[in-house]
Amino acid sequence: MGHPRPSRRSPTARARPAEALALAADLLQQTLAFRQPPDAVLAHALGQGPRRVGQRLRQALGDTLYAALRALPRWHWLARRLRGEEGVGLLDVAALRADAPLCRAVMALAWPAEALPALRESDPAAAEEAQVLQARAAALDLAAAPKAARLGLPEWLLQRLQARLGPAELPSLAQALHQPAQVDLRVNVLKARRAQAQAALQAHGLAVTPTPHAPHGLRLPQRTRLAGLQPYEEGWIEVQDEGSQLIVAMVGARRGETVVDFCAGAGGKTLALGAAMRDSGRLYAFDTVPRRLLALAPRLARAGLNSVVTLQISGEDDERLQRLHGKADRVLVDAPCTGTGTLRRHPELAWRHDPASVARHAALQGRILAAAARLVRPGGRLVYATCSLLDEENEDVATAFDAAHGGAFEPLPAQTLLEEARVADAAALVDGPYLRLWPHRHGCDGFFAAAWQRRD
Ligand SMILES: C[S@@+](CC[C@H](N)C(=O)[O-])C[C@H]1O[C@@H](n2cnc3c(N)ncnc32)[C@H](O)[C@@H]1O
C-alpha cells in the first residue's frame, strides 16, 4: 500500500518562525523518503525560498535531524508511548513517514539540549512543546522497550551484529555508531610531510593530531571548515577517514605500476593510490556512475595528479575491460555496499537498507570481485574492501571467492600487508587474515578488506 508523498513545496516557503517543529517534521518525512540524503534535504529545504530560517535555527534543525536518525526506534517508541499507545512494536519507517504528528514528536524528543536555545529564540512555543515532551519521556522506562529501541538500531542489523560480536559488546558498538564522527585527513605525500601539514594546520589554530595507525593521517576532533586554508587549497591534505587510508595501505601501490581502482566513485582512494605511486605509472579509475567520476577531476587537479585515467564502465562485464585482462599489478575493489560502517556520518543508511538489500549487495559484490580479478597479472595483488559491518558483505564474499578461485589466488594476510606499509600496531586492526575495523574499537568508520596474490 502506498503512502502519501511528502509535500514537494519548499517548507521554507510556508515556514513562519512559529512553525519550527512543523518544518522539522517535514525534514524528517522528506529524509525518510530516501530520494536524497539528509544533507541534500537540508540544503534543498533551507537553502532556498524566503529566508525566514535564521542561521542558528538552521544549524539546530540539521543537528536534530541527524540526532533523530541516529536513534530513530528510540524516539519512535517514546513518541508512541507518549501518545498513550501500549505494546509499541518495531519501527515501521514508511508508517512513521506518513504520520506528520508522529514525526513532529520524534523531532521534538530528539532535539539536543544544546540546540534548544536556538529553538526558543525563533519559536518559543515549539521549544516549550519539546521540553514538555522530553520531560514526559524522561519518566518512561526504556528498559520496557524492544532492544531495537534501547540500542537505537534496526532489529535486522542488531541480529547480525550480535551474532558477530555477542551481546556484551553490542551496546558499545551502538553507542559509537550514534556519535558524530571526527574528521580525518590524509596528507598528500606528493606535496607535504605529515609533520609539515600538522604544523600548518596548527598555525591556523586547529587542534590536529596524528591518526593512531595510518602513517599519513591527521585527526581533527570535529567538523571544521577547511576551504580557504592554505594546506587545503594547495592540496596538502584531503579529507579521508583513517579506515579508508588503511585500505589503500593494503593495496601497497608503488611507483611505475599499473593499478586499477575498480569502483572509484568520486576518487577518495584513487587520490591516495596516486600519491602512493608518486603520480607515476598508470592508475585507472572506473565507475558506473558518470557524475561520481566527474567529481574526481577537480580533486585530481588540486592533488597534483596527472597519471589517472578515468573510465565510465557499463558494469563489471564491460567489454572494454578485456584489454586489461592479466595486466594490472594491483586491483582495488572498493565495492558498493550497505555502508553500515559509516552510520556515524550517514545514519539514514540504517533505515534505507534491509535484509533484501544486503543480499542484493552481496550478490553484486561477488560479481564485481570475480570480474576485477581477471585484470590482475600473475604475481599481482587483488584487494576487496567494503565499509560494511556485515559478514554477508565481507567474510562471506571473500570465502566464496576463495572457494571459486582458490587455485588461482592465494590469500595474503592483512597484518603483513599493513606492516609493510608502516601502519602502527597492525595486529590490533585485523581479524584472522582480514582487516576488520569497528567504530567502537578503532575510533574510525567500520571497514573490511581482504587481499590475494594471483599465483604465477
Ligand atoms: C564504496 S563506493 C566507492 C568509493 C570510492 N572508492 C572512494 O573511496 O571514495 C562504490 C562505488 O562502486 C560503484 N559501482 C557500483 N556498481 C559498480 C560496478 N558494477 N562496477 C564498478 N563500479 C560500480 C558505485 O557507483 C560507487 O561509486
Side-chain angles (χ1 to χ4, degrees), residues 37 181 183-186 188 214 216-217 238-251 253 259-276 283-300 302-303 305 308-322 324 328 330-343 345-346 349 352-353 357-358 360-376 382-390 393-394 397 435 437 444-450:
V183 177
D184 290 345
L185 309 172
R186 177 182 51 79
N188 178 1
H216 309 303
E238 191 64 47
V239 175
Q240 187 170 45
D241 188 78
E242 183 175 37
S244 283
Q245 298 182 41
L246 294 170
I247 282 171
V248 174
M250 280 193 47
V251 179
V259 176
V260 175
D261 187 359
F262 203 94
C263 303
K269 295 184 188 65
T270 315
L271 297 173
L273 289 167
L283 174 53
Y284 293 94
F286 300 154
D287 205 279
T288 49
V289 180
R291 131 181 86 75
R292 299 204 172 127
L293 289 173
L294 277 177
L296 177 54
R299 301 178 79 192
L300 290 173
R302 202 172 57 80
L305 288 173
V308 178
V309 178
T310 57
L311 179 66
Q312 187 218 331
I313 55 173
S314 57
E316 63 281 0
D317 46 12
D318 190 312
E319 282 181 5
R320 289 169 300 169
L321 296 174
Q322 284 173 11
L324 271 175
R330 301 177 197 254
V331 176
L332 170 63
V333 176
D334 186 25
C337 70
T338 54
T340 38
T342 67
L343 291 182
R345 301 171 206 280
H346 305 292
L349 294 177
R352 210 173 81 186
H353 291 298
S357 74
V358 175
R360 276 198 308 277
H361 276 93
L364 175 62
Q365 288 153 355
R367 289 198 304 275
I368 296 178
L369 181 57
R374 292 189 200 110
L375 310 187
V376 182
L382 174 66
V383 175
Y384 170 76
T386 74
C387 56
S388 167
L389 299 174
L390 302 173
E393 301 182 82
N394 295 333
V397 173
L435 173 76
L437 301 175
C444 58
D445 285 342
F447 278 102
F448 170 88

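All of these numbers come straight from a predicted model, not from anything done at the bench. All ligand and atom numbering here is 1-based and tracks the order in the structure.
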Exercise for review: Test T338 against L349 for side-chain contact (heavy atoms from CB on, under 4.5 Å), laying out the working first.
Suggested key: CA-CA 7 Å; T338 54; L349 294 177; over 6 Å; no

Exercise for review: Begin with the C-alpha distance, continue with both residues' side-chain angles, and end with the deciding distance and a verdict on side-chain contact (heavy atoms from CB on, under 4.5 Å) for V251 and D261.
Suggested key: CA-CA 10 Å; V251 179; D261 187 359; over 6 Å; no

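When heavy-atom distances to ligand 1 are checked against a 4.0 Å cut-off, I313 comes that close only through its side chain, counted from C-beta outward. If you look at C387 next to ligand 1, there are no close heavy atoms at all, none under 4.0 Å. Under 4.0 angstrom from ligand 1, the non-hydrogen atoms of A335 all belong to its backbone.
Heavy atoms of F262 come nearer than 4.0 angstrom to ligand 1 in at least one pair. Ligand 1 lies nowhere less than 4.0 angstrom from a heavy atom belonging to S244.
Residue C263 has at least one N or O atom closer than 3.5 Å to an N or O atom of ligand 1. In terms of polar-atom proximity, I368 is not counted as a contact of ligand 1, lacking any N or O under 3.5 Å from an N or O of the ligand. Looking at D261 next to ligand 1, no N or O pair under 3.5 Å apart turns up.
For D318, the side-chain contact (heavy atoms from CB on, under 4.5 Å) criterion is met by I313, S314, R320, L321, not counting sequence neighbours.
Remark: ligand 1 atoms within the under-4.0 Å shell around heavy atoms of G265 are 27 (O). Listed by number with element, the atoms of ligand 1 under 4.0 Å from a non-hydrogen atom of K269 are 7 (C), 8 (O).
The closest protein non-hydrogen atom to atom 9 (O) of ligand 1 is G268 N, 3.2 Å. Of all protein heavy atoms, the one lying nearest to atom 5 (C) of ligand 1 is A264 O, 3.2 Å. Considering only non-hydrogen protein atoms, atom 11 (C) of ligand 1 sits nearest to D287 OD2, 3.5 Å. For atom 24 (C) of ligand 1, the closest non-hydrogen atom on the protein side is R292 NH1, 3.1 Å. Closest to atom 4 (C) of ligand 1 among all protein heavy atoms lies D334 OD2, 3.3 Å. Of the protein's non-hydrogen atoms, T288 OG1, 3.6 Å is the one closest to atom 14 (N) of ligand 1. Atom 19 (N) of ligand 1 has as its closest protein heavy atom E316 OE1, 2.7 Å.
Side-chain contact check for T342 versus C387: some heavy-atom pair is nearer than 4.5 Å. By the 4.5 Å heavy-atom criterion applied to side chains, F447 and S244 are counted as neighbours.
Residue R291 holds its CZ atom at 14.0 Å from CG of L296, rounded to the nearest 0.5 Å. Of the inter-residue distances, the one linking I247 atom CD1 with L437 atom CG reads 7.0 Å to the nearest 0.5 angstrom. The OG1 atom of T310 sits 11.5 Å away from atom OH of Y284, with the distance rounded to the nearest 0.5 Å.
Every pair passing side chain to side chain donor-acceptor pair (under 3.5 Å) that includes a residue from residues 360-373 is listed here, sequence neighbours excluded: E316-R367, Q365-Y384, Q365-E393.
With E238 as reference, R302 is the one residue of R302, H216, R186 to meet the side-chain hydrogen bond (donor to acceptor under 3.5 Å, both in side chains) rule.
Checking side-chain atoms of E242 against main-chain N and O of A214 turns up a donor-acceptor pair under 3.5 Å.
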